[in-house]
Student: 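Just dropping this structure here.
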Amino acid sequence: MNLSEFIINDIKPLVSTDSVSDLQLLFNQLTYSHIPIKNEDGAYLGCLSENDAHCFESGKHIKDCNYAIEGFFVRENTNWLDVLEAFAQNSTNIMPVISSQNAYLGYYELNDIISLFNETPFFSEAGAILIVEKGLLDYSFSEVSQIIESNNGKLLGAFISKIENDVAQITLKIGNTSLNDIMQTFRRYSYNVISGHEEDSYLESLKERSDYLNKYLNM
C-alpha cells in the first residue's frame, strides 16, 4: 500500500530559532497534538507537544526548550501498520515523514491512516467476528487458520487483541460460513470462545421489516 499520496505539507516545521509564542499561536490555530521542529540548517529535530508548549515562557526561543523535543518519525517506505503503531506509541495525531536521506517530507494525519485500516477486508468485507483465547505458548496462527478453513471458512483478518496472565485473546474476522461449526471446533482444540457475532445483515432485515410494519400500523 503506497502511503506517499497521504503525505501532507500544508504546515511547515517551525525553526528552533522561532519564538515559543509562535509555537503557542500555531497550536491555538490547529488541532494537532504536536508540531514538527527543525534546526537552522533545515534538519528535522523532532516534535513538541501542545501540553509542553503551553508550559513554556512565550518570550523564549524554541531552542531553549530542546530538552522537551520528542524525536519520533517514520520513513517514507514504512508500511501503514508500523505507521499506525508509531502513532499509538507516541500518543500523537501527526507523524513526520523522513526520507532515507533524512530529509523532512511532510507528515501523516492519524485519521488518514485509520481510514486505510477501515478499508481493509477486516472491516469492509461481509463476515462474522469471533474472539477466542488460549495460552500464550499453546496457540498458533497456523492452527487458527486450519480450524477455520477446515470448516469451509475464509479468514479475512486476525490480530492479538489482549494478552493477560499468559493468555492470548485473538480477534478473528471470518467469511463464507456459519460460526457454529467453527466455534465447536475451536472448543475441541481447547480454545476458550469469548464471543461470536454473525454478520448483522439478518438483524438489519428484521429491523427493516419491523419499521415497515410500524409504518403500516400507524397509517
Side-chain angles (χ1 to χ4, degrees), residues 1-120 122-124 136 141 157-171:
M1 187 178 295
N2 184 12
L3 296 185
S4 60
E5 62 187 274
F6 294 97
I7 296 176
I8 302 171
N9 272 298
D10 58 350
I11 300 172
K12 301 300 180 184
L14 292 180
V15 181
S16 57
T17 53
D18 289 336
S19 69
V20 168
S21 61
D22 291 333
L23 178 66
Q24 293 170 338
L25 178 61
L26 195 54
F27 274 122
N28 289 337
Q29 297 171 342
L30 302 172
T31 58
Y32 291 139
S33 61
H34 293 75
I35 295 296
I37 308 297
K38 62 182 180 181
N39 65 20
E40 297 175 70
D41 297 326
Y44 172 72
L45 293 176
C47 286
L48 282 171
S49 74
E50 180 178 15
N51 291 337
D52 286 338
H54 290 300
C55 294
F56 302 146
E57 295 181 25
S58 58
K60 288 188 174 182
H61 291 95
I62 292 174
K63 64 182 178 181
D64 297 324
C65 309
N66 278 354
Y67 61 88
I69 289 179
E70 303 172 45
F72 60 80
F73 65 88
V74 294
R75 298 288 182 182
E76 57 185 324
N77 58 353
T78 302
N79 72 68
W80 69 271
L81 272 176
D82 288 335
V83 172
L84 191 59
E85 181 182 10
F87 273 108
Q89 288 179 338
N90 294 284
S91 300
T92 181
N93 58 11
I94 180 173
M95 183 58 59
V97 183
I98 309 300
S99 74
S100 55
Q101 290 77 39
N102 296 322
Y104 176 84
L105 301 177
Y107 62 90
Y108 296 131
E109 280 191 2
L110 177 59
N111 286 340
D112 288 337
I113 304 303
I114 289 177
S115 71
L116 294 179
F117 191 48
N118 291 336
E119 292 170 6
T120 64
F122 192 94
F123 286 100
S124 63
L136 194 57
F141 274 108
F159 66 93
I160 305 300
S161 48
K162 184 179 180 181
I163 295 178
E164 185 176 338
N165 299 326
D166 294 326
V167 174
Q169 191 174 101
I170 310 163
T171 299

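Reckoned from all heavy atoms, side chains included, excluding hydrogens, waters and symmetry mates.
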Student: Got Leu45 and Pro36 here, is their nearest side-chain heavy-atom distance under 4.5 Å?
Tutor: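 Leu45 does not reach Pro36 side chain to side chain.
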Student: Rounded to the nearest 0.5 Å, what separation is found between the CD1 atom of Ile69 and the CG atom of Asp52?
Tutor: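 Taking CD1 in Ile69 and CG in Asp52, the distance rounds to 10.5 Å.
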Student: Sub-3.5 Å donor-acceptor pair from the side chain of Asp41 to the main-chain atoms of Ala43, do we have one?
Tutor: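 No; judged by distance alone, with no hydrogens or angles, the pair does not exist.
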Student: Out of curiosity, Phe27 CZ to Asp22 CG, how far, rounded to the nearest 0.5 Å?
Tutor: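 That separation rounds to 12.5 Å.
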Student: Less than 4.5 Å apart, side chain to side chain, heavy atoms only: is that true for Leu110 and Ile94?
Tutor: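 Side-chain contact under 4.5 Å: no.
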Student: Above 12 or not: heavy atoms from other molecules or residues under 6.0 Å from CD of Gln29?
Tutor: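 Correct, the count exceeds 12.
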Student: Carefully, step by step, assess Val167 and Leu136 under the rule side chain to side chain contact (heavy atoms under 4.5 Å, CB included).
Tutor: CA-CA 5 Å; Val167 174; Leu136 194 57; over 6 Å; no
Student: For His34 and Thr92, test the side chains for any donor-to-acceptor distance below 3.5 angstrom and give the result as yes or no.
Tutor: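 Checked: His34/Thr92 side chains pair up, N/O donor to acceptor below 3.5 Å.
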Student: Using side-chain heavy atoms (C-beta onward) and a distance below 4.5 Å, is His61 in contact with Ser16?
Tutor: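 No; the side chains remain at least 4.5 Å from each other.
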Student: Does the side chain of Glu85 reach to within under 4.5 Å of the side chain of Asn90, using non-hydrogen atoms?
Tutor: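 Side-chain contact under 4.5 Å: no.
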Student: Is any side-chain heavy atom of Leu30 closer than 4.5 Å to a side-chain heavy atom of Ile11?
Tutor: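 Yes, side chains in contact.
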Student: Decide yes or no on side chain to side chain contact (heavy atoms under 4.5 Å, CB included) for Phe56 and Asp64, but give the supporting numbers first.
Tutor: CA-CA 9 Å; Phe56 302 146; Asp64 297 324; over 6 Å; no
Student: Grab the two heavy atoms, one from Ser100 and one from Arg75, that are nearest each other, plus how far apart they are.
Tutor: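 For Ser100 and Arg75, the tightest heavy-atom pair comes out as CA-NH1, 4.1 Å.
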Student: Given side chain to side chain contact (heavy atoms under 4.5 Å, CB included), test Val15 with Asn39 step by step and report yes or no.
Tutor: CA-CA 5 Å; Val15 181; Asn39 65 20; over 6 Å; no
Student: Of all heavy-atom pairs between His54 and Asn28, which one has the smallest distance, and what is that distance?
Tutor: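 For His54 and Asn28, the tightest heavy-atom pair comes out as CE1-OD1, 3.5 Å.
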Student: How long is the span from the CZ atom in Phe87 to the CD1 atom in Ile114, to the nearest 0.5 Å?
Tutor: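 Separation between the atoms: 8.0 Å.
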Student: Does anything in residues 158-169 form a side-chain hydrogen bond (donor to acceptor under 3.5 Å, both in side chains)? List the pairs, not counting sequence neighbours.
Tutor: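 Qualifying pairs: Ser161-Thr171, Lys162-Glu164.
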Student: Calculate, to the nearest 0.5 Å, the distance between atoms CG and CG belonging to Asn93 and Asn111 respectively.
Tutor: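 Reported value, rounded in 0.5 Å steps: 8.0 Å.
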Student: Can you tell me how far apart CD (Glu70) and OG (Ser33) are? Round to the nearest 0.5 Å.
Tutor: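 Taking CD in Glu70 and OG in Ser33, the distance rounds to 8.5 Å.
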Student: Do Tyr108 and Ile8 have side chains that get closer than 4.5 Å, going by heavy atoms?
Tutor: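 No - every pair of side-chain heavy atoms lies 4.5 Å or more apart.
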Student: Taking the six-membered ring for Trp and the single ring otherwise, decide whether the centroids of Tyr32 and Tyr107 are under 6.0 Å apart.
Tutor: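 When the ring centroids of Tyr32 and Tyr107 are compared, they turn out to be within the sub-6.0 Å range.
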Student: Taking C-beta and beyond as the side chain, do Thr17 and Ile62 meet within less than 4.5 Å on heavy atoms?
Tutor: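 Not touching, per the 4.5 Å side-chain cut-off.
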Student: Taking all non-hydrogen atoms of both residues into account, name the closest pair between Leu3 and Asn79 and its distance.
Tutor: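 Shortest heavy-atom contact: CD1-C, 4.4 Å.
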Student: Using every non-hydrogen atom in the two residues, find where Cys47 and Tyr44 come nearest and quote the distance to one decimal.
Tutor: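 Between these two residues, the closest heavy atoms are SG-OH, 3.5 Å.
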Student: Nearest 0.5 angstrom please: Ile7 CD1 to Asp112 CG, how far?
Tutor: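 Separation between the atoms: 11.5 Å.
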Student: Which residues satisfy the side chain to side chain contact (heavy atoms under 4.5 Å, CB included) test with Leu105, sequence neighbours excluded?
Tutor: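 Side chain to side chain contact (heavy atoms under 4.5 Å, CB included) list for Leu105, sorted by chain: Glu76, Val97, Ser99.
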Student: Where do Cys65 and Leu48 come nearest, in terms of heavy atoms and distance?
Tutor: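 Smallest interatomic distance, heavy atoms only, reads O-CD2, 4.1 Å.
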